[in-house]
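Shown next, in structure tokens, is the structure this report addresses.
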Amino acid sequence: MAKKYSGKRIIKAGEELRDLSEKQSDEAFQETFDVLSYWRFSHEQPLEAALALTKEVVLKKDKTAIFAKRLKRHVSIFRKLIRFEKMNLKNMQDIGGCRAVVSNEKKLRQAVRELRKRPEFRAADGTYRFKDYIKKPKVDGYRSYHLVGKFKDSENNLKNIEIQIRTRIQHYWATALEIVDLYTDQALKSNQGDEDWKSFFIEVGKQLAILDSIHLFDTLDSNGKFAKYQEKLGEKNEYIDSCKEVKRLLKKLKVKRKLEAFAGSLNIVDERLDKSPGAGYVLLRINTTKGEVMSRLFSKEDSEKAESEYVELEKEATQSDGLVVALVSSSAVGGVREAYPNYFADSSEFMKFIDMVSKVKT
């Protein structure tokens, strides 16, 4: 990067981001984003190392795993700073994050056990930082397993990188919630928004957790899946009650119609995303008002240029309603759309599970 910033300046930039309600001058606003860009981009090399290690470990357990990486979006950083008053930008542990999506929870647990053995995830006292959101889901119903490791940047400084391991079912749930957030301008991911939508995702999360608990569920055909699901529902009254609530909210919120409308409204301008680009980055510009997704591809060598253009678009997004931007890895195993379906309003896999819930006679 052309200019470096001290730890104190990075912390101050976080405070400025947190308090954007106070009108900054254009010059001060630009500098805040420049600091954010510097700090975020300094995580790129550690993030590459974390993704490589994650692939090495996970692919030994699940050859069909999907991988993705990302540097945290400005709006997500801003919301996190607002939610956690004592957090500062310099200590935020998920500025850089990568994800592995595996077939089932058994493979997830196997991968986690192997990752925890690696020195990158171990502190000097032998402990490691993790959040098991499968055993203890978040309030909104989110389920996944998070590990935080330390990886070296270009100057041999250690940076925090968060690794998320999800099952495919957990991934489809998270994708659907993010789609609703993006296209209804809510913040359900931060437990803010319409109460019915919040209840819907909490209860759907419970139903999908039931599916994840079924042995070899991912290997069954559609009839077998439905039969095992019905059988599992009969084990506890609370499972049935939750299923009834999902069905009630499906009708009230017109969930299926809305999710189909979000996907149907989008015009994917760059069809090159359907092909498999080489290692690099895709800068996505999503206009939810116009229903348009535009993209630009960057090579791995142009990472600094990609980050620079990303920041300029983020500045524009702060002034524009309905504009969402993201810089994602173009070499995502499984393809850009499969790794990041939320940006393309693709909830088709989620809807398969919703249809299964709908068919249950309660």
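Numbering of residues begins at 1 and proceeds along the displayed sequence.
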What do you reckon, are the aromatic ring centroids of Phe130 and His146 less than 6.0 Å apart?
no
Between His43 and Phe151, is the gap from one ring center to the other below 6.0 Å?
no
Side chains of [X] and [Y]: do they bring a donor and an acceptor to under 3.5 Å?
| X | Y | result |
| --- | --- | --- |
| Glu178 | Asn342 | yes |
| Thr32 | Glu16 | yes |
| Thr167 | Asn104 | no |
| Ser242 | Glu203 | yes |
| Lys152 | Asn157 | no |
| Tyr128 | Arg116 | yes |

Distance check, rounded to the nearest 0.5 Å: [X] atom [atom1] versus [Y] atom [atom2]?
| X | Y | atom1 | atom2 | answer |
| --- | --- | --- | --- | --- |
| Glu105 | Ile134 | CD | CD1 | 4.5 Å |
| Glu238 | Cys243 | CD | SG | 13.0 Å |
| Phe201 | Tyr142 | CZ | OH | 14.0 Å |

Electrostatic pair Lys198-Asp140, nearest N-O below 4.0 angstrom:
no
Could you tabulate the donor-acceptor pairs under 3.5 Å formed by side-chain atoms of residues 75-86, not counting sequence neighbours?
from  : atom 1 : to     : atom 2 : distance (Å)
Lys80 : NZ     : Asp94  : OD1    : 3.1
Lys80 : NZ     : Asp94  : OD2    : 3.0
Arg83 : NH1    : Ser190 : OG     : 3.1

Is it possible for you to check whether Lys225 lies under 6.0 Å from the centre of the six-membered ring of Phe217, through NZ or CZ, and within 45° of that ring's axis?
yes
Side-chain donor-acceptor distances from residues 226-233 under 3.5 Å, at least two apart:
from   : atom 1 : to     : atom 2 : distance (Å)
Tyr229 : OH     : Gln207 : OE1    : 2.4

Check whether any side-chain N or O of Thr127 sits under 3.5 Å from a backbone N or O of Ala123 as a donor-acceptor pair, and report yes or no.
no
Looking at Glu195, is its backbone amide N or carbonyl O close enough to the side chain of Ser199 to form a donor-acceptor pair, meaning the two atoms are under 3.5 Å apart?
yes
How close do Leu188 and Gly193 get, heavy atom to heavy atom, and via which atoms?
CD2-CA, 4.2 Å
